[in-house]
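Worksheet: one structure, shown below.
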2 protein chains.
Amino acid sequence: MTIPAPAGAGGRELPHPPREEIRLEGVLQALSDPMRLRIVRELAAGGDELSCSQFDLPVTKSTTTHHFRVLRESGVIRQVYRGTAKMNGLRADDLDALFPGLLDAVLDAAARQADRLGG
Amino acid sequence: MTIPAPAGAGGRELPHPPREEIRLEGVLQALSDPMRLRIVRELAAGGDELSCSQFDLPVTKSTTTHHFRVLRESGVIRQVYRGTAKMNGLRADDLDALFPGLLDAVLDAAARQADRLGG
DNA sequence: CGACTCGTACGATAAGCATCGTAGTACGGC
DNA sequence: GCCGTACTACGATGCTTATCGTACGAGTCG
(Lines give C-alpha, C1' and ligand atoms only; values in the text may rest on other atoms or scores of the structure.)
Protein backbone atom coordinates (compact mmCIF):
# COMPACT_ATOMS: atom_id res chain seq x y z
CA MET A 1 0.00 0.00 0.00
CA THR A 2 1.44 3.23 1.17
CA ILE A 3 0.22 6.40 -0.45
CA PRO A 4 1.55 6.79 -4.00
CA ALA A 5 3.40 9.84 -5.24
CA PRO A 6 0.96 12.75 -5.54
CA ALA A 7 2.03 13.72 -9.02
CA GLY A 8 1.02 10.33 -10.37
CA ALA A 9 1.03 9.93 -14.14
CA GLY A 10 4.36 8.58 -15.37
CA GLY A 11 7.10 11.01 -14.36
CA ARG A 12 7.78 12.23 -10.86
CA GLU A 13 7.58 15.96 -10.61
CA LEU A 14 9.49 18.07 -8.14
CA PRO A 15 8.14 21.30 -6.65
CA HIS A 16 10.03 24.43 -7.69
CA PRO A 17 9.28 27.95 -6.54
CA PRO A 18 8.09 30.17 -9.39
CA ARG A 19 10.38 32.98 -10.37
CA GLU A 20 8.41 35.66 -8.50
CA GLU A 21 8.75 33.79 -5.26
CA ILE A 22 12.51 33.50 -5.23
CA ARG A 23 13.84 35.56 -2.33
CA LEU A 24 17.27 37.10 -2.19
CA GLU A 25 17.79 36.11 1.42
CA GLY A 26 16.99 32.51 0.58
CA VAL A 27 19.40 32.48 -2.32
CA LEU A 28 22.18 33.98 -0.24
CA GLN A 29 21.59 31.53 2.57
CA ALA A 30 21.59 28.62 0.14
CA LEU A 31 24.89 29.80 -1.30
CA SER A 32 26.46 30.42 2.09
CA ASP A 33 26.98 26.73 2.79
CA PRO A 34 30.34 25.45 1.55
CA MET A 35 28.91 22.18 0.30
CA ARG A 36 26.17 23.91 -1.64
CA LEU A 37 28.48 26.56 -3.03
CA ARG A 38 30.66 23.76 -4.28
CA ILE A 39 27.70 22.11 -5.97
CA VAL A 40 26.72 25.36 -7.62
CA ARG A 41 30.24 25.96 -8.86
CA GLU A 42 30.42 22.50 -10.40
CA LEU A 43 27.05 23.03 -12.02
CA ALA A 44 28.15 26.33 -13.48
CA ALA A 45 31.28 24.73 -14.84
CA GLY A 46 29.78 21.51 -16.10
CA GLY A 47 26.62 22.62 -17.88
CA ASP A 48 23.24 21.58 -16.62
CA GLU A 49 23.23 17.93 -17.33
CA LEU A 50 24.71 16.70 -14.10
CA SER A 51 23.06 14.01 -12.02
CA CYS A 52 23.31 14.04 -8.25
CA SER A 53 25.58 11.03 -8.20
CA GLN A 54 28.23 12.73 -10.31
CA PHE A 55 29.13 14.93 -7.41
CA ASP A 56 31.75 13.47 -5.16
CA LEU A 57 30.91 15.21 -1.93
CA PRO A 58 32.42 14.29 1.43
CA VAL A 59 29.02 13.64 2.98
CA THR A 60 26.54 10.81 2.90
CA LYS A 61 23.84 10.48 0.28
CA SER A 62 21.14 11.62 2.68
CA THR A 63 22.97 14.84 3.28
CA THR A 64 23.56 15.33 -0.41
CA THR A 65 19.85 14.96 -1.05
CA HIS A 66 19.23 17.54 1.65
CA HIS A 67 21.53 20.10 0.07
CA PHE A 68 20.05 19.63 -3.38
CA ARG A 69 16.64 20.12 -1.90
CA VAL A 70 17.66 23.37 -0.22
CA LEU A 71 19.10 24.63 -3.49
CA ARG A 72 15.93 23.71 -5.36
CA GLU A 73 13.56 25.17 -2.79
CA SER A 74 15.47 28.43 -2.66
CA GLY A 75 15.24 28.71 -6.43
CA VAL A 76 18.91 28.28 -7.26
CA ILE A 77 18.68 25.03 -9.19
CA ARG A 78 16.17 23.13 -11.28
CA GLN A 79 15.81 19.38 -10.90
CA VAL A 80 14.27 16.94 -13.32
CA TYR A 81 13.99 13.18 -13.18
CA ARG A 82 15.44 11.28 -16.08
CA GLY A 83 14.97 7.62 -15.49
CA THR A 84 16.41 6.87 -12.09
CA ALA A 85 18.80 9.77 -12.31
CA LYS A 86 17.96 13.32 -11.30
CA MET A 87 19.43 15.96 -13.52
CA ASN A 88 20.40 19.30 -12.04
CA GLY A 89 20.79 22.70 -13.62
CA LEU A 90 21.24 26.24 -12.45
CA ARG A 91 18.26 28.55 -12.82
CA ALA A 92 20.57 31.15 -14.24
CA ASP A 93 17.84 32.65 -16.40
CA ASP A 94 15.50 33.27 -13.49
CA LEU A 95 18.23 34.49 -11.19
CA ASP A 96 19.59 36.85 -13.80
CA ALA A 97 16.15 38.27 -14.45
CA LEU A 98 15.55 38.90 -10.76
CA PHE A 99 19.06 39.79 -9.62
CA PRO A 100 21.19 40.77 -12.62
CA GLY A 101 24.83 39.95 -12.16
CA LEU A 102 24.42 38.36 -8.77
CA LEU A 103 25.07 34.77 -9.73
CA ASP A 104 28.07 35.72 -11.83
CA ALA A 105 29.47 37.85 -9.04
CA VAL A 106 29.16 35.01 -6.57
CA LEU A 107 30.69 32.49 -8.96
CA ASP A 108 33.54 34.85 -9.74
CA ALA A 109 34.06 35.53 -6.05
CA ALA A 110 34.15 31.81 -5.31
CA ALA A 111 36.66 31.23 -8.08
CA ARG A 112 38.88 34.01 -6.82
CA GLN A 113 38.75 32.73 -3.29
CA ALA A 114 39.55 29.20 -4.39
CA ASP A 115 42.46 30.55 -6.38
CA ARG A 116 43.70 32.59 -3.48
CA LEU A 117 43.41 29.88 -0.85
CA GLY A 118 43.82 26.71 -2.83
CA GLY A 119 46.96 27.55 -4.73
CA MET B 1 38.39 45.77 39.79
CA THR B 2 37.35 43.49 37.01
CA ILE B 3 39.81 43.04 34.20
CA PRO B 4 40.05 46.16 32.04
CA ALA B 5 39.56 46.20 28.29
CA PRO B 6 42.57 44.52 26.67
CA ALA B 7 43.21 47.36 24.24
CA GLY B 8 43.72 49.76 27.10
CA ALA B 9 45.13 53.17 26.20
CA GLY B 10 42.38 55.65 25.53
CA GLY B 11 40.09 54.27 22.81
CA ARG B 12 38.42 50.91 22.78
CA GLU B 13 39.42 48.86 19.82
CA LEU B 14 37.26 46.30 18.13
CA PRO B 15 38.63 43.17 16.47
CA HIS B 16 38.23 43.10 12.71
CA PRO B 17 39.30 40.29 10.43
CA PRO B 18 42.10 41.35 8.08
CA ARG B 19 41.21 41.46 4.42
CA GLU B 20 42.86 38.13 3.59
CA GLU B 21 40.75 36.35 6.15
CA ILE B 22 37.39 37.44 4.87
CA ARG B 23 35.57 34.38 3.58
CA LEU B 24 32.90 34.43 0.91
CA GLU B 25 30.70 31.98 2.78
CA GLY B 26 30.80 34.17 5.86
CA VAL B 27 29.89 37.26 3.88
CA LEU B 28 26.99 35.51 2.19
CA GLN B 29 25.70 34.15 5.45
CA ALA B 30 25.96 37.55 7.08
CA LEU B 31 23.98 39.07 4.24
CA SER B 32 21.36 36.33 4.23
CA ASP B 33 19.67 37.60 7.36
CA PRO B 34 16.90 40.12 6.64
CA MET B 35 17.82 42.34 9.55
CA ARG B 36 21.47 42.45 8.58
CA LEU B 37 20.72 42.98 4.92
CA ARG B 38 18.61 45.94 5.97
CA ILE B 39 21.48 47.34 8.00
CA VAL B 40 23.85 46.97 5.08
CA ARG B 41 21.43 48.65 2.72
CA GLU B 42 21.03 51.61 5.03
CA LEU B 43 24.77 51.84 5.42
CA ALA B 44 25.26 51.83 1.68
CA ALA B 45 22.67 54.54 1.28
CA GLY B 46 23.66 56.72 4.20
CA GLY B 47 27.44 56.90 3.96
CA ASP B 48 29.60 55.39 6.63
CA GLU B 49 29.03 57.69 9.52
CA LEU B 50 26.08 55.94 11.07
CA SER B 51 25.96 54.99 14.72
CA CYS B 52 24.17 51.87 15.86
CA SER B 53 21.41 53.85 17.51
CA GLN B 54 20.43 55.55 14.28
CA PHE B 55 19.00 52.31 13.01
CA ASP B 56 15.39 51.77 13.92
CA LEU B 57 15.22 48.03 13.89
CA PRO B 58 12.28 46.02 15.18
CA VAL B 59 14.44 44.13 17.65
CA THR B 60 15.94 44.88 21.03
CA LYS B 61 19.30 46.50 21.49
CA SER B 62 20.94 43.24 22.50
CA THR B 63 19.91 41.71 19.22
CA THR B 64 21.06 44.76 17.31
CA THR B 65 24.46 44.46 18.92
CA HIS B 66 24.56 40.82 17.92
CA HIS B 67 23.85 41.59 14.26
CA PHE B 68 26.45 44.33 14.10
CA ARG B 69 28.95 41.95 15.59
CA VAL B 70 28.20 39.29 13.01
CA LEU B 71 28.61 41.84 10.23
CA ARG B 72 31.91 43.01 11.67
CA GLU B 73 33.31 39.54 12.29
CA SER B 74 32.42 38.41 8.80
CA GLY B 75 34.24 41.41 7.37
CA VAL B 76 31.27 43.25 5.94
CA ILE B 77 31.43 46.34 8.12
CA ARG B 78 34.01 48.33 10.05
CA GLN B 79 33.22 49.66 13.49
CA VAL B 80 34.94 52.44 15.35
CA TYR B 81 34.18 53.99 18.71
CA ARG B 82 33.64 57.71 18.74
CA GLY B 83 32.88 58.81 22.23
CA THR B 84 30.06 56.65 23.47
CA ALA B 85 28.77 56.09 19.96
CA LYS B 86 29.97 53.36 17.64
CA MET B 87 30.24 54.40 14.04
CA ASN B 88 29.64 51.86 11.31
CA GLY B 89 30.82 51.73 7.74
CA LEU B 90 30.85 49.20 4.95
CA ARG B 91 34.20 47.64 4.09
CA ALA B 92 33.44 48.26 0.45
CA ASP B 93 37.11 48.67 -0.42
CA ASP B 94 38.11 45.31 1.01
CA LEU B 95 35.09 43.51 -0.35
CA ASP B 96 35.60 44.95 -3.80
CA ALA B 97 39.23 43.95 -3.81
CA LEU B 98 38.39 40.39 -2.83
CA PHE B 99 35.11 39.91 -4.65
CA PRO B 100 34.72 42.54 -7.36
CA GLY B 101 31.13 43.46 -8.02
CA LEU B 102 29.69 41.25 -5.35
CA LEU B 103 28.58 43.91 -2.91
CA ASP B 104 27.07 46.02 -5.65
CA ALA B 105 25.26 43.03 -7.08
CA VAL B 106 23.77 42.19 -3.70
CA LEU B 107 22.76 45.77 -3.03
CA ASP B 108 21.21 46.07 -6.45
CA ALA B 109 19.41 42.77 -5.98
CA ALA B 110 18.07 43.91 -2.63
CA ALA B 111 16.85 47.17 -4.12
CA ARG B 112 15.11 45.37 -6.95
CA GLN B 113 13.45 42.95 -4.61
CA ALA B 114 12.29 45.76 -2.33
CA ASP B 115 10.90 47.55 -5.35
CA ARG B 116 9.17 44.47 -6.59
CA LEU B 117 7.65 43.44 -3.27
CA GLY B 118 7.31 46.70 -1.44
CA GLY B 119 5.67 48.82 -4.09
C1' DC C 1 10.84 -12.03 -11.49
C1' DG C 2 15.20 -10.65 -9.07
C1' DA C 3 19.06 -7.84 -8.23
C1' DC C 4 21.13 -3.64 -8.43
C1' DT C 5 21.45 1.48 -8.60
C1' DC C 6 19.69 6.07 -7.70
C1' DG C 7 17.55 8.81 -4.92
C1' DT C 8 13.87 9.76 -0.87
C1' DA C 9 11.67 9.78 3.65
C1' DC C 10 11.94 9.69 8.42
C1' DG C 11 13.89 9.85 12.91
C1' DA C 12 17.74 11.14 15.80
C1' DT C 13 21.34 14.16 17.17
C1' DA C 14 24.12 17.83 17.87
C1' DA C 15 25.37 22.31 16.74
C1' DG C 16 24.23 26.96 15.44
C1' DC C 17 21.69 31.08 15.79
C1' DA C 18 18.12 34.90 16.39
C1' DT C 19 15.91 36.64 20.02
C1' DC C 20 15.18 38.40 24.65
C1' DG C 21 16.09 40.27 29.52
C1' DT C 22 19.07 41.80 32.91
C1' DA C 23 23.13 43.47 34.68
C1' DG C 24 27.19 45.88 33.73
C1' DT C 25 30.96 49.05 31.52
C1' DA C 26 32.53 53.32 29.07
C1' DC C 27 32.02 58.00 28.07
C1' DG C 28 30.26 62.78 28.37
C1' DG C 29 27.88 66.54 30.83
C1' DC C 30 25.98 68.73 35.04
C1' DG D 1 31.25 63.05 42.02
C1' DC D 2 26.75 61.67 39.89
C1' DC D 3 23.51 60.67 36.34
C1' DG D 4 22.12 59.56 31.76
C1' DT D 5 23.13 57.56 27.34
C1' DA D 6 25.32 54.10 24.25
C1' DC D 7 26.66 49.86 23.86
C1' DT D 8 28.21 45.12 25.80
C1' DA D 9 28.33 40.62 28.16
C1' DC D 10 26.09 36.72 29.75
C1' DG D 11 22.62 33.35 30.32
C1' DA D 12 18.30 31.35 28.70
C1' DT D 13 15.24 29.83 25.15
C1' DG D 14 13.33 28.05 21.23
C1' DC D 15 13.91 27.40 16.29
C1' DT D 16 16.56 26.08 12.40
C1' DT D 17 19.84 23.10 10.22
C1' DA D 18 23.79 19.97 8.89
C1' DT D 19 24.74 15.50 9.56
C1' DC D 20 24.02 10.58 9.90
C1' DG D 21 21.79 5.78 9.57
C1' DT D 22 18.34 2.90 8.15
C1' DA D 23 14.54 1.62 5.61
C1' DC D 24 12.07 2.32 1.48
C1' DG D 25 10.28 3.48 -3.65
C1' DA D 26 11.26 3.93 -8.59
C1' DG D 27 13.54 2.57 -12.55
C1' DT D 28 16.86 -0.48 -15.36
C1' DC D 29 18.95 -4.65 -16.80
C1' DG D 30 19.80 -9.54 -16.48
Side-chain angles (χ1 to χ4, degrees), chain A residues 1-16 23 25-39 49-74 76-88, chain B residues 1-16 23 25-26 28-39 49-74 77-88:
Chain A
M1 276 303 189
T2 73
I3 301 167
R12 289 167 285 172
E13 292 265 329
L14 292 159
H16 291 76
R23 301 275 276 123
E25 297 90 327
V27 171
L28 292 178
Q29 177 150 56
L31 296 176
S32 73
D33 182 275
M35 214 63 69
R36 290 195 290 261
L37 186 56
R38 177 166 161 177
I39 292 173
E49 280 295 317
L50 294 179
S51 70
C52 293
S53 54
Q54 298 183 43
F55 294 84
D56 195 27
L57 302 172
V59 289
T60 64
K61 260 198 308 187
S62 316
T63 306
T64 303
T65 297
H66 163 69
H67 285 307
F68 275 103
R69 181 209 290 260
V70 172
L71 285 171
R72 172 167 46 83
E73 291 182 342
S74 66
V76 176
I77 67 171
R78 197 177 281 115
Q79 296 190 292
V80 173
Y81 276 108
R82 193 168 180 146
T84 89
K86 194 159 73 169
M87 307 311 286
N88 303 278
Chain B
M1 281 300 190
T2 72
I3 301 167
R12 289 168 284 174
E13 292 265 328
L14 292 159
H16 291 77
R23 299 276 276 126
E25 298 89 327
L28 293 178
Q29 174 148 55
L31 296 175
S32 74
D33 182 275
M35 214 63 68
R36 291 194 290 261
L37 186 55
R38 179 166 160 177
I39 292 174
E49 279 297 316
L50 295 177
S51 70
C52 292
S53 54
Q54 297 183 45
F55 292 84
D56 195 28
L57 302 172
V59 290
T60 65
K61 257 197 311 188
S62 316
T63 306
T64 303
T65 297
H66 164 69
H67 285 307
F68 275 102
R69 180 209 290 260
V70 172
L71 285 171
R72 172 168 46 84
E73 291 182 343
S74 66
I77 68 171
R78 196 178 281 116
Q79 296 191 292
V80 174
Y81 278 107
R82 190 165 184 149
T84 88
K86 195 160 72 169
M87 308 311 287
N88 303 278

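In what follows, chains carry the letters A, B, and so on, assigned in the order in which the sequence lines appear, proteins first and then strands, with residues in each chain numbered from 1.
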Quick one: label Arg82(A) by what it contacts on the DNA or RNA (base, sugar-phosphate, nothing), any heavy atom closer than 4.0 Å.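 No contact.
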
Phe68(A) near the nucleic acid: base, sugar-phosphate alone, or nothing, with a heavy-atom cut-off under 4.0 Å?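 Nothing, no nucleic acid heavy atom in range.
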
Between Gln54(B) and Ser51(B), is there a side-chain donor-acceptor contact under 3.5 Å, judged purely by atom types and distance?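 Indeed, the side chains of Ser51(B) and Gln54(B) share at least one donor-acceptor pair under 3.5 Å.
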
Would Thr63(B) and Thr60(B) count as having a side-chain donor-acceptor pair, cut-off 3.5 Å?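 Side-chain D/A pair, Thr63(B) to Thr60(B): present.
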
Expressed in angstrom and rounded to an integer, what is the separation of [X] atom [atom1] from [N] atom [atom2]?
X: Leu14(B); N: dT25(C); atom1: CG; atom2: P; value: 18 Å
X: Leu57(A); N: dT19(D); atom1: CG; atom2: P; value: 10 Å
X: Tyr81(B); N: dT25(C); atom1: OH; atom2: P; value: 14 Å
X: Arg38(A); N: dA18(D); atom1: CZ; atom2: C1'; value: 15 Å
X: Leu71(B); N: dC7(D); atom1: CG; atom2: P; value: 15 Å
X: Met35(A); N: dA15(C); atom1: CE; atom2: P; value: 17 Å
X: Arg69(A); N: dT17(D); atom1: CZ; atom2: P; value: 12 Å
X: Met87(A); N: dG7(C); atom1: CE; atom2: P; value: 9 Å

Nucleotide nearest [X] (side chain, heavy atoms from C-beta), chosen from [options]:
X: Ser51(A); options: dG7(C), dC27(C), dG27(D); value: dG7(C)
X: Arg12(B); options: dG7(C), dC27(C), dT28(D); value: dC27(C)
X: His67(B); options: dG7(C), dA18(C), dG27(D); value: dA18(C)
X: Val70(A); options: dG27(D), dA18(D), dG7(C); value: dA18(D)

Would you mind reporting whether Pro15(A) and Arg72(A) have side-chain heavy atoms less than 4.5 Å apart?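 Yes, their side chains come closer than 4.5 Å.
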
Taking atom [atom1] of [X] and atom [atom2] of [Y], what is their separation to the nearest 0.5 Å?
X: Leu57(A); Y: Thr64(A); atom1: CG; atom2: OG1; value: 5.0 Å
X: Arg36(B); Y: His66(B); atom1: CZ; atom2: NE2; value: 5.5 Å
X: Arg69(B); Y: Ser74(B); atom1: CZ; atom2: OG; value: 12.5 Å
X: Gln29(B); Y: Asp33(A); atom1: CD; atom2: CG; value: 8.5 Å
X: Phe68(B); Y: Ile39(B); atom1: CZ; atom2: CD1; value: 4.0 Å
X: Ile77(A); Y: Met87(A); atom1: CD1; atom2: CE; value: 12.0 Å

Interface polar pairs with nucleotides 13-16 of chain D, N/O, under 3.5 angstrom:
none

Let me see the working for Gln79(A) and Cys52(A) under side-chain contact (heavy atoms from CB on, under 4.5 Å), right down to the final yes or no. CA-CA 10 Å; Gln79(A) 296 190 292; Cys52(A) 293; 4.1 Å; yes

Check this one for me: any side-chain N or O of Arg36(A) less than 4.0 Å away from OP1 or OP2 of dA18(D)?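 True: Arg36(A) side-chain N/O within range (under 4.0 Å) of dA18(D) OP1/OP2.
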
Residues within residues 59-66 of chain A bordering DNA chain D, heavy-atom distance below 4.0 Å: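 Nucleic-acid contacts, sorted: Val59(A), Thr60(A), Ser62(A), Thr63(A), His66(A).
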
Starting at the 5' end of DNA chain D and moving along, which residue's nearest nucleotide shows up first, Asn88(B) or Asp33(A)?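 Its nearest nucleotide lies further toward 5', so the answer is Asn88(B).
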
